[in-house]
Structures are given as structure tokens and as C-alpha cells.
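Remember, it's 1-based here, ligands and their atoms both numbered in the order they're listed.
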Amino acid sequence: MFTLNHVSYSYKADSPVRAQALSDISLSIKKGECVGLIGHTGSGKSTLAQILSGLLTPTSGTVSFEDTPLFIKNKFNRALRGQIGLVFQYPEYQLFEETVLKDIAYGPMNLGATQSEAFHKARTAAQLLGLSEEVFDKSPLQLSGGQKRRVAIAGILAMEPQVLILDEPTAGLDPEGREELLKILKNLHKSTGNTTILISHSMDFVAGFTERIIVLNRGSLWMDGTPQEIFSDPEKLKVAGLAPPPVSELFSLFGFPVPPVFTAEEAVSALLPYMHQGGGSVCK
Ligand code: ADP
Ligand code: MG
């Protein structure tokens with residue numbers, strides 16, 4: 001789906017305050033893949049997301065999308081408009097319409113859908129994000145933080161992109177909103193089969209979600225593998241300013257003879273046999 005060849009990006013490339021954000025990134029992402037993009041703050045995750053969605057043109061290197069160049073003469077290839085959906089960090093700041101449904105319908109209208117088509121797409125997207133009919137005619141400002149976030153994501157989904165890129169989708173949500181969104185996003189990937197790129201600095205979040213993890217370190221591609229491959233090399237992660245999910249660290253300290261564990265749910269499944277043996281307590 002995406003092929004990046006030697007992609008670099010510098011902010012203010014022609015000025016003395018040039019800031020190199022990405023250096024020589026080569027990778028490809030297959031159709032339908034669900035990929036976690038992780039890295040310390042400032043490692044280049046958001047820059048890469050903006051390149052993949054055509055908002056920033058690489059300073060050097062090439063990007064193609066399904067064999068079509070993503071950029072032509074240093075500009076986003078308009079033929080690919082609407083195919084790559086980027087949900088920015090804190091996307092709810094950009095909600096502006098009077099009602100939830102109008103806000104979600106804005107994207108498809110902008111891509112040329114008629115009003116009734118756009119509202120139909122908006123309803124479908126809202127349902128996929130677990131938003132009930134009752135909120136459709138409310139002002140987005142009346143909603144909870146978690147709901148607002150879901151409205152913003154629905155607005156991107158309503159454009160029916162082939163790729164969904166989410167930049168820190170759970171940042172700033174309370175634990176309940178976070179859990180809810182995580183569940184919804186998992187189901188979404190199952191039901192749409194969309195290529196999904198999930199940016200996070202939270203290890204357990206991506207571990208519970210993705211089948212492949214790409215790690216950036218100071219603008220370079222540092223690691224690329226399954227969660228198991230990535231988290232079994234804590235030393236290399238540490239150099240990138242990261243650590244495996246707390247649960248897997250705990251399990252390796254215990255030295256439990258269980259398969260690798262990355263999330264709380266996996267920990268529970270791994271511990272169940274011990275609980276039955278030990279009459280309810282795993283520590284006896
Ligand atoms: P991340 O999303 O992983 O935190 P970013 O892609 O936002 O990282 O940033 C990568 C690097 O680019 C950082 O060093 C950051 O300071 C720099 N950077 C990001 N945005 C800008 C900008 N608009 N102008 C100059 N430098 C920037
Ligand atoms: Mg960022």
C-alpha cells in the first residue's frame with residue numbers, strides 16, 4: 001500500500017534553524033495491515049503521519065501509494081484525495097459545525113458528495129464509532145471528551161478512506177474513554193479491514209492492538225517487527241527512550257514460564273492456570 005524510499009524531512013529546510021525530523025526512512029506497509037508507530041516525543045511520528053497523508057512533502061526520497069506516486073512535483077497527488085484519512089492529535093479542537101451529524105458530514109460534502117449521501121455516510125461512520133442517534137442533533141460542544149474525540153474520528157471515517165492514520169488517539173482521555181475508544185478501534189479495524197496506522201507513545205496500547213510495530217528513534221527507523229520481537233529487546237528499546245509494557249516487565253521479573261505477555265488481558269489468561277492450581281492465589 002505504502003512504499004517509502006529514503007524519505008527525509010526537515011522543517012525550515014532552507015533556513016539556518018533547519019530541524020531534521022526524519023532521516024532516510026525506507027519501509028513498506030501492506031494493504032489491510034494494522035501497524036503501531038511508536039517513539040519518544042520528538043522522534044518524528046507526527047511528521048511521518050503527515051507525510052503519509054500528503055500534508056508534508058518529503059525534503060528528499062519518494063513515497064508511493066498503491067503504485068501511484070503520493071507526490072508529483074513536490075505536491076500531494078490530488079488523484080489520491082480522500083483515500084488517506086489522518087486523525088490529528090486532539091482532533092476535537094477542530095469540531096466547528098452546529099450539530100454532530102453536520103460535523104461528521106463535512107468531509108464527504110467537501111469531497112463532492114450530495115447532502116443526502118454525505119449524511120448517510122455520516123450516520124454510518126457515527127454508528128461505527130458507537131455514537132447513538134441521540135447525540136446526532138446536539139452541538140459537539142455538549143458532548144464528553146471521549147464522545148467529541150469519536151465525533152472527530154467519525155468525520156474522517158465518513159470520507160471512506162482506504163487508510164486510517166490515528167495520531168495519539170487516546171491522548172488526554174480518562175481511563176474509561178480510553179478503554180472505550182480502544183475497543184471501538186479494534187472492532188473498526190475488524191469490520192472495515194482498513195489499513196490502520198496507530199501512533200502512540202504508550203507501549204501497552206499498541207501491544208494490545210497491532211500485529212506490527214515500527215519504532216522511530218530521533219527521526220530514524222530504529223526497529224520494525226512483531227510486538228513479540230520488539231518487546232523482547234528491552235536494551236534496544238531503552239536506547240530509543242522506550243521500555244516494554246509494564247506488564248511484560250513484571251512477568252519477566254517473576255520468571256514465569258508463560259508465553260510473552262504484553263497486555264493486562266493477556267496477563268490474566270496466562271495466570272489463570274496457576275490460579276486454579278493454587279486455590280486462587282498466584283503467589284503461594
Ligand atoms: P513526535 O510526533 O514523535 O513527537 P514530531 O514529528 O512532532 O515528533 O517532531 C519531530 C522533530 O521535528 C522534533 O525534533 C520537533 O521538535 C521537530 N518539529 C516538529 N514540528 C516542527 C515545526 N513545525 N517546526 C520545526 N520543528 C518541528
Ligand atoms: Mg506527535
**OP:** Dump the intermediate steps for salt bridge (charged side-chain N to carboxylate O under 4.0 Å, His left out) on K183 and E179, then the final yes or no.
**Re:** CA-CA 6 Å; K183 243 186 256 160; E179 272 308 306; 5.8 Å; no

Original post:
Polar-atom distance check: G44 versus ligand 1, any N or O pair below 3.5 Å?
Top reply: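 For ligand 1, there is an N or O atom that lies under 3.5 Å from one belonging to G44.
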
**OP:** May I ask you to check if ligand 1 and T47 share an N or O to N or O distance below 3.5 Å?
**Re:**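 Yes, there is a polar N/O contact under 3.5 Å.
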
Original post:
Under a 4.0 Å N-O cut-off, is there an ion pair linking K45 with D167?
Top reply: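 Salt bridge absent between K45 and D167.
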
Original post:
Does a salt bridge link E117 with K121, judged by any charged N lying under 4.0 Å from a carboxylate O?
Top reply: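 Looking at E117 and K121, the cut-off is not met.
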
Original post:
Is the Mg ion (ligand 2) less than 2.8 Å from at least one N/O/S atom of S46?
Top reply: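 It does: S46 brings an N, O or S atom closer than 2.8 Å to the Mg ion (ligand 2).
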
**OP:** State yes or no: do I184 and V87 share one hydrophobic cluster built from I, L, V, M, F, W and Y residues joined by side-chain heavy-atom distances below 4.5 Å, directly or via other members?
**Re:**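 Yes, I184 connects to V87 through the hydrophobic network.
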
Subject >> Under-4.0 Å heavy-atom contact between protein and atom 11 (C) of ligand 1 >> reply: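 Protein heavy atoms within 4.0 Å of atom 11 (C) of ligand 1 - there is at least one.
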
Subject >> Distance flag for atom 8 (O) of ligand 1, protein heavy atom under 4.0 Å >> reply: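 Under the 4.0 Å cut-off, atom 8 (O) of ligand 1 does have protein heavy-atom neighbours.
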
Subject >> Residue from L129, L143, L173 passing side chain to side chain contact (heavy atoms under 4.5 Å, CB included) with R149 >> reply: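 The option that passes is L173.
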
Subject >> Result of checking T62, L80, I51 against F71 for side chain to side chain contact (heavy atoms under 4.5 Å, CB included) >> reply: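 Testing each of T62, L80, I51 against F71, the sole residue satisfying side chain to side chain contact (heavy atoms under 4.5 Å, CB included) is I51.
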
Original post:
Considering only the protein, which heavy-atom contact is closest to atom 22 (C) of ligand 1, and what is its distance?
Top reply: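 Answer for atom 22 (C) of ligand 1: Y11 CD2, 3.4 Å.
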
**OP:** For atom 14 (O) of ligand 1, find the nearest protein heavy atom and state the residue, atom name and distance (0.1 Å precision).
**Re:**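 Answer, as residue, atom name and distance: G42 O, 3.8 Å.
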
**OP:** In sequence, state the C-alpha distance, the side-chain angles, and the governing distance for V7 and V63, and then conclude on side chain to side chain contact (heavy atoms under 4.5 Å, CB included).
**Re:** CA-CA 8 Å; V7 168; V63 184; 3.8 Å; yes

**OP:** Would you mind listing which atoms of ligand 1 come within a distance below 4.0 Å of any non-hydrogen atom of A21?
**Re:**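 Listed by number with element, the hits are 10 (C), 11 (C), 12 (O).
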
Original post:
Short list, please: which atoms of ligand 1 are under 4.0 Å from a heavy atom of K12?
Top reply: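 Answer, ordered by atom number: 24 (N), 25 (C).
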
Subject >> Contact partition for H40 relative to ligand 1, non-hydrogen atoms under 4.0 Å >> reply: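 For H40, the contact with ligand 1 is made by the backbone alone.
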
